[in-house]
Amino acid sequence: MRPEEAGPPEIEEALAEVPPPPPGFLEALEIGGIRLKSRLVMAPMAGYTNLPFRRLVSARGAGMVATEMVSSQALVRRHPKTLALMRTEAGERPVSVQLFGADPAMMGEAAAIVEETGADVIDLNCGCPVKKITKTEAGSALLCDPDRAGEVVSAMVRSVRGPVTVKMRTGWDTVGTRQAERFAKAVEGAGAAAITVHGRTRHAMFGGAVDLEAIGRVKRAVSIPVLGNGSILTPGDAMRMIERTGVDGLMIGRGAIGNPWIFSRLIHWFRTGELPSPPSLAERRAVALAHLQGLQDELGQRPGVLHARKHLAAYTKGMRGGAAFRERVNRLDTLAEVVRAVETFFHEAEREAAVGGERRPDAA
Ligand SMILES: Cc1cc2nc3c(=O)[nH]c(=O)nc-3n(C[C@H](O)[C@H](O)[C@H](O)COP(=O)(O)O)c2cc1C
């Protein structure tokens with residue numbers, strides 16, 4: 001799945017084979033003294049995980065939410081747009097703010113600023129594959145320099161009272177070189193309180209199979225909590241990740257776009273062994289409208305409407321008439337018009353469903 005294909009998962013496809021839930025996954029998990037609401041954590045996603053989206057997933061069982069990555073350099077210069085990215089609210093806690101950068105002193109300074117804003121956890125990005133970031137030695141470039149990553153983590157840990165965590169990939173371009181284990185041990189030694197491993201190399205970007213073996217090797221190499229990440233969409237995916245790696249928690253990214261229920265549905269499965277039915281059309285409509293309102297409040301009219309387009313595409317993915325709806329929405333300029341279009345689309349779908357037609361999403 002590429003970022004541009006982000007959308008709700010075809011989770012229903014796996015319904016016939018819902019495996020028995022893994023034992024122990026409902027037990028509490030703490031990261032550096034911060035108790036998570038569940039072991040399913042929302043992934044940081046640039047351009048997606050702003051406050052209105054985090055609010056929705058947090059209310060639906062995400063154990064912790066994360067901001068998108070924030071530039072340490074922009075932060076120490078107190079860039080207003082950067083400060084806005086970090087605005088959090090009490091209801092979404094615990095919340096993690098993710099920083100990128102590779103200069104230990106600057107990262108320490110930035111971490112202290114982040115902590116002042118009320119973040120519970122501060123995360124270091126060691127996974128971003130984008131050239132603009134890696135050419136400054138930050139993001140996934142840090143995977144090639146565990147000593148430097150350790151220095152960055154140490155500087156952050158020294159500057160804050162709360163936990164510092166690390167989000168990494170399995171390596172730069174090859175696996176099986178023990179690069180991931182060496183890296184994980186270096187950041188653990190420097191004081192990281194937990195590690196998330198996205199089971200792909202930098203080279204693999206966002207495609208191809210998730211390397212569960214490499215995640216498992218990292219888990220066994222350290223004694224701090226490890227979260228597994230990468231293409232978790234169904235109970236089967238969750239089960240494979242947990243059983244084959246032994247991770248303490250899961251991080252979910254694209255599977256939650258247009259689909260904030262993924263958390264509550266997987267938690268229900270952990271509890272009962274059954275996956276609940278997908279949310280009703282009325283529920284989908286209510287959440288899409290609440291999301292729109294949140295975007296308007298947070299971003300204002302024009303940026304809110306533009307930002308809403310990709311989420312509305314995800315909320316209506318796979319629904320009959322969805323393509324025409326998206327085309328229409330992409331031409332609308334005001335929130336009031338978009339709200340009307342959403343209401344009309346879903347009411348029509350609800351009417352069709354009531355008379356036995358099908359306009360249900362393929363996914364839930
Ligand atoms: C649009 C998009 C933006 C992302 N932005 C970030 C980011 O800011 N920081 C980060 O650590 N990872 C980022 N990621 C990676 C995700 O956190 C996650 O590791 C990856 O998508 C694999 O998980 P998934 O298959 O559950 O989505 C991003 C991914 C996508 C698709």
Side-chain angles (χ1 to χ4, degrees), residues 1-11 40-50 53-54 57 62-72 74-75 82 85-86 95-102 114 121-130 132-134 138-143 149 164-171 180 187 192 194-202 204-212 214-215 218 226-234 236-238 240-241 245 247 249-260 262-263 266 307 309-311 313-314 363:
M1 207 163 38
R2 296 194 304 272
E4 61 271 27
E5 287 169 346
E10 293 357 82
I11 198 167
L40 300 181
V41 169
M42 175 80 229
M45 284 188 292
Y48 284 89
T49 48
N50 57 12
F53 186 49
R54 297 199 307 267
V57 295
M64 179 163 71
V65 292
T67 65
E68 64 180 77
M69 59 182 196
V70 172
S71 155
S72 54
L75 194 55
T82 304
L85 280 182
M86 295 193 312
V95 58
S96 157
V97 170
Q98 191 190 55
L99 289 176
F100 71 90
V114 171
V121 171
I122 304 173
D123 190 49
L124 169 64
N125 182 313
C126 300
C128 180
V130 176
K132 198 174 118 192
I133 306 290
T134 58
S140 56
L142 280 171
L143 295 170
V164 171
T165 58
V166 169
K167 181 160 177 284
M168 61 179 282
R169 286 177 176 254
T170 51
V187 296
I195 297 174
T196 298
V197 189
H198 176 193
R200 295 187 177 96
T201 59
R202 187 266 178 186
M205 302 294 277
F206 292 92
V210 173
D211 187 345
L212 298 176
I215 297 176
V218 170
V226 173
L227 308 185
N229 169 240
S231 300
I232 297 171
L233 307 175
T234 67
D237 298 332
R240 274 186 290 281
M241 177 68 86
T245 66
V247 287
L250 307 178
M251 179 179 272
I252 298 178
R254 291 167 292 183
I257 298 173
N259 186 35
I262 192 170
F263 295 98
L266 287 176
H307 189 96
R309 290 177 183 169
K310 57 191 175 188
H311 285 284

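Start at 1 and go down the list; that is how both ligands and their atoms are numbered. Remember, it's a predicted structure, so these values are computed and weren't measured experimentally.
- Near Ser231, with a cut-off below 4.0 Å to any heavy atom, the atoms of ligand 1 are 24 (P), 25 (O), 26 (O).
- Remark: Arg169 qualifies as a cation-pi partner of Phe206 under the 6.0 Å distance and 45° angle criteria applied to the six-membered ring.
- Closest approach of Ala256 and Phe263 over heavy atoms only: CB-CE1, 3.8 Å.
- Residue Pro44 approaches ligand 1 through these ligand atoms, each under 4.0 Å from one of its heavy atoms: 4 (C), 5 (N), 6 (C), 7 (C), 9 (N), 10 (C), 11 (O), 12 (N), 13 (C), 14 (N), 16 (C), 17 (O), 28 (C).
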Checklist line | Test log, rule side-chain contact (heavy atoms from CB on, under 4.5 Å), inputs Ile215 and Val210 | finding: CA-CA 9 Å; Ile215 297 176; Val210 173; 4.0 Å; yes

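- The CG atom of Leu40 sits 8.0 Å away from the CD1 atom of Ile232 when rounded to the nearest 0.5 Å.
- Heavy atoms of Gly230 approach ligand 1 to within less than 4.0 angstrom.
- Residue Met69 approaches ligand 1 through these ligand atoms, each under 4.0 Å from one of its heavy atoms: 8 (O).
- Here His198 has side-chain heavy atoms under 4.0 Å from ligand 1, and that is the only part of it that gets that close.
- Each of the atoms 1 (C) of ligand 1 lies under 4.0 Å from some heavy atom of Tyr48.
- Considering both main-chain and side-chain atoms, Arg200 never comes within under 3.5 Å of ligand 1 through any nitrogen or oxygen pair.
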Next item on the list: Run the numbers on Met45 and Arg254 for side-chain contact (heavy atoms from CB on, under 4.5 Å), then give the verdict.
Entry: CA-CA 8 Å; Met45 284 188 292; Arg254 291 167 292 183; 4.3 Å; yes

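- Although no hydrogens or angles enter the test, the distance criterion places no donor-acceptor pair under 3.5 Å between the side chain of Ser96 and the main chain of Ile122.
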Checklist line | Steps toward side-chain contact (heavy atoms from CB on, under 4.5 Å) verdict (Thr196, Thr165) | finding: CA-CA 8 Å; Thr196 298; Thr165 58; over 6 Å; no

Report all side-chain donor-acceptor pairs from residues 62-70 shorter than 3.5 Å, counting only partners two or more places apart or in another chain.
{"residue": "Thr67", "atom": "OG1", "partner": "Gln98", "partner atom": "N", "Å": "3.2"}
{"residue": "Glu68", "atom": "OE1", "partner": "Gly47", "partner atom": "N", "Å": "2.9"}

Margin query: For a side-chain contact (heavy atoms from CB on, under 4.5 Å) check, start with the C-alpha distance between Thr170 and Thr201, then their side-chain angles and the critical distance, and finish with the verdict.
Written below: CA-CA 5 Å; Thr170 51; Thr201 59; 3.7 Å; yes

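- Of the inter-residue distances, the one linking Ile195 atom CD1 with Asn229 atom CG reads 13.5 Å to the nearest 0.5 angstrom.
- Using a 4.0 Å cutoff on heavy atoms, Cys128 does not count as a contact of ligand 1.
- In the vicinity of Asn125, heavy-atom distances shorter than 4.0 Å reach the ligand 1 atoms 9 (N), 10 (C), 11 (O).
- Of the candidates Met251, Met205, Lys167, the one placing a heavy atom closest to atom 16 (C) of ligand 1 is Lys167.
- On a distance-only criterion, Asn229 and ligand 1 share at least one N/O pair closer than 3.5 Å.
- Residue Ala43 approaches ligand 1 through these ligand atoms, each under 4.0 Å from one of its heavy atoms: 17 (O).
- The distance criterion of under 3.5 Å between nitrogen or oxygen atoms is not met by Ile252 with respect to ligand 1.
- For ligand 1, the atoms lying closer than 4.0 Å to a non-hydrogen atom of Phe206 are 15 (C), 20 (C), 21 (O), 29 (C).
- Below 3.5 Å of separation, one finds no N or O of Glu68 facing any N or O of ligand 1.
- For the pair Gly253 and ligand 1, the shortest N or O to N or O distance falls below 3.5 Å.
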